[in-house]
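Okay, so here's the structure we're looking at.
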Amino acid sequence: MPFLCLRFLSDARSVDSTWSLAAEWLIREDNGDVRGQGVTDHRGMADLLDPSQTWLLEPDNVLVLVPHDLVLEMNINVPGRNTSQIRRALPYALEEFTTTDIEDLHIATDAIIAGQSVRAQLVERDMMQGWIDALRALKIELGWMLVDTELLEVEEGFTTVLIDGAGALLRTPTEAAAVDRSNLIVGLSGIGSPHIRIINGALQPIEEAELAASAIEYVDTGESSLEYLAGRWRAGRGINLLQGEFARVRKYSASAMLWPRVAMVAVVWIALAWVLMVAEGWWASKQSNSLQAEAQALFSTWFPDAGTVRNPKRALSERLGQSSNSEGPDFTSLTAALAAALVQTASIRSLEFEQQSGELRIEVVVQNHTEVESLRTRLTSAGLSAELLNATQEENSIRASLVLREAT
């Protein structure tokens, strides 16, 4: 299908039943050829795009780029033992670096890993909403919105520079910036990278002299800046600003929609098994009361001096000089806690219970790593130890193996 790439040049404002918005645009055909590109406003986009073109309704066919100078980007260390704690603490950690109320900013992050710094990008929430509403007015479904510097090449020891008209985009493994062409040498000198790769442009001899400590490499692709950036994009690359409240509503295929139903059936079966086991336990309890009375009477006959005992089996073991083993958690209590902790989007692949160790091994399929952490938190709140053995990515889901046991 064709591919549309837009790079905003302004914010979006509603004006007289239309929108004020400027953007660069590029449309690329299936074979990679560029159908056309240029700069236009919202009305020009409406003339350019035919709403009847169904490919515009597929989010993966549309990439939107946001200029770096409209975004605040930083790497920050956030305390927390797991992803959930770090995510909750992140707004408070970022607040001291912003001049705008944190409630008015949308926060998007790269993958959050405990013990590592978090790369975050902040943009005004009203600006995000304006862009999204303006494009929806054109019947465009958004799936990917990235800062333009996210698509520059990243290589250890290198600073990548894309000459972009009267400005330039810069990227290192840890930093990104957009600068005026006149301030480029100042920016590069401040970074002090041993290698500089300049794309689609060249420095003046006097500028090269100021960067004598760096090895300079020139690359000419013969493309426009937007064409170069669009050509480097692959789905899933970079921080997608469409997170949280702005995350796209995914359209699930028939097979994907089957998983929640399977998960629901699994939960129902687990609950039914639990109810049946409880009923069986109630009936067994009634039988046990009768047998308990008989055992106590028999024990009193054997040991008249012992009086009434509550546990004839344990008392008999002690009389015989034997020790009794404590019993661990049973299948019923573990599966009952599991059923209560599961959400409707989860599905059970397998269950395996070891009576001797009192461990329940499960294999569960969830949508993402956040749901794995949430499941472990709920199980821990239920008084269980939930050990994560592994978590494997499978297309659009995560397959996690856990071991449940009583908390020590």
Side-chain angles (χ1 to χ4, degrees), residues 7-14 21 64-135 142-152 154 159 167 169-180 183 186-187 190-191 236-249 367-378 380-381:
R7 179 161 65 159
F8 295 130
L9 301 177
S10 71
D11 58 355
R13 300 180 183 275
S14 179
L21 173 64
V64 174
L65 300 179
V66 175
H68 186 277
D69 53 11
L70 297 180
V71 176
L72 174 62
E73 179 176 333
M74 65 182 69
N75 285 277
I76 186 168
N77 291 314
V78 183
R81 291 179 297 176
N82 54 50
T83 300
S84 298
Q85 290 181 353
I86 294 174
R87 193 176 297 279
R88 289 194 296 270
L90 182 60
Y92 303 100
L94 293 171
E95 189 171 19
E96 62 179 296
F97 298 100
T98 66
T99 57
T100 304
D101 289 340
I102 198 68
E103 293 81 6
D104 296 331
L105 297 175
H106 169 62
I107 303 172
T109 68
D110 210 339
I112 297 177
I113 302 175
Q116 298 184 14
S117 63
V118 179
R119 192 163 70 96
Q121 294 174 342
L122 292 78
V123 59
E124 292 184 13
R125 182 173 278 106
D126 289 344
M127 189 177 295
M128 283 283 296
Q129 191 63 62
W131 286 330
I132 292 172
D133 291 344
L135 294 185
L142 291 181
W144 303 95
M145 183 183 291
L146 279 70
V147 180
D148 50 14
T149 51
E150 287 290 283
L151 297 178
L152 294 182
V154 176
T159 296
L169 304 180
L170 285 71
R171 183 81 186 271
T172 73
T174 58
E175 300 173 294
V179 299
D180 294 334
N183 294 322
V186 175
I191 295 173
R237 178 181 179 181
I239 297 177
N240 189 0
L241 295 177
L242 298 178
Q243 299 181 18
E245 63 185 288
F246 297 114
R248 80 182 188 189
V249 178
Q367 290 184 335
N368 49 54
H369 287 285
T370 300
E371 289 194 4
V372 176
E373 290 295 332
S374 299
L375 175 59
R376 292 182 62 194
T377 300
R378 289 191 290 273
T380 302
S381 300

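As a basis for the values below, the full set of heavy atoms in this structure was taken, side chains included, without hydrogen atoms, waters or symmetry mates. Since the structure is predicted, the reported quantities are computational estimates derived from the model, not experimental observations.
Of the possible donor and acceptor atoms, none in the side chain of N240 sits under 3.5 Å from a partner among the backbone N and O of W144. Side chain of Q121 to backbone of V71: no donor-acceptor contact under 3.5 angstrom is found. No donor-acceptor distance shorter than 3.5 angstrom exists from the side chain of R7 to the backbone of P67, with no hydrogens or angles considered. Side-chain atoms of N75 come within 3.5 Å of backbone N or O of T174 as a donor-acceptor pair. In this structure, H106 contributes its side chain and L241 its backbone to a donor-acceptor pair below 3.5 Å. R119 places no side-chain N or O within donor-acceptor distance of the main-chain N or O of D110, the cut-off being under 3.5 Å.
Counting heavy-atom neighbours within 6.0 Å of N82 CG, excluding the residue itself, gives a total above 12.
For the atom pair CG (L94) and CG (L122), the distance works out to 5.5 Å, reported to the nearest 0.5 Å. Within the model, atoms CD of E73 and OG1 of T149 stand 5.5 Å from one another, a figure rounded to the nearest 0.5 Å. Taking CD1 of I112 as the start and OG1 of T370 as the end, the distance is 8.0 Å to the nearest 0.5 Å. Annotation: the span from S10 atom OG to L70 atom CG amounts to 9.0 Å, rounded to 0.5 Å. Put simply, CG on L152 and OG1 on T172 are 10.5 Å apart, with the number rounded to the nearest 0.5 Å. With rounding to the nearest 0.5 Å, the separation of CZ in R13 from CE in M127 is 7.5 Å.
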Notebook entry, point to check: Which is it for I102 and I107 under the side-chain contact (heavy atoms from CB on, under 4.5 Å) test, yes or no, and what are the steps along the way?
Noted result: CA-CA 9 Å; I102 198 68; I107 303 172; 4.1 Å; yes
Problem set entry | Chi angles and distances behind the side-chain contact (heavy atoms from CB on, under 4.5 Å) call for M128, E245 | CA-CA 11 Å; M128 283 283 296; E245 63 185 288; over 6 Å; no
query = How far apart are the C-alpha atoms of V147 and V123, what are their side-chain angles, what is the distance that settles it, and do they pass the side-chain contact (heavy atoms from CB on, under 4.5 Å) test?
reply = CA-CA 10 Å; V147 180; V123 59; over 6 Å; no
**Q.** L105 vs R125, side-chain contact (heavy atoms from CB on, under 4.5 Å): CA-CA, chis, key distance, verdict
**A.** CA-CA 5 Å; L105 297 175; R125 182 173 278 106; 5.6 Å; no
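A 4.5 Å side-chain heavy-atom check between I76 and L90 finds at least one atom pair inside the cut-off. Proximity of H68 to E150: side-chain heavy atoms (C-beta onward) are nowhere separated by under 4.5 Å.
Summarising the geometry of D69 relative to A178, their closest heavy-atom pair is N-CB, 4.4 Å, with the distance given to 0.1 Å. Residues R171 and L151 come closest through the heavy atom pair NH1-N, 4.5 Å. Closest approach of A93 to V78, counting heavy atoms only: CB-CG2, 4.1 Å. Considering every non-hydrogen atom in both I239 and A108, the closest pair reads CG2-CB, 3.9 Å. Across all their heavy atoms, G80 and I86 have their closest contact at CA-CG1, 3.8 Å. G130 and A12 make their closest contact through O-CB, 3.4 Å (heavy atoms, listed as atom of the first residue, atom of the second, distance).
Aromatic ring orientation, W131 versus F8: parallel (interplanar angle below 30°, classes split at 30° and 60°).
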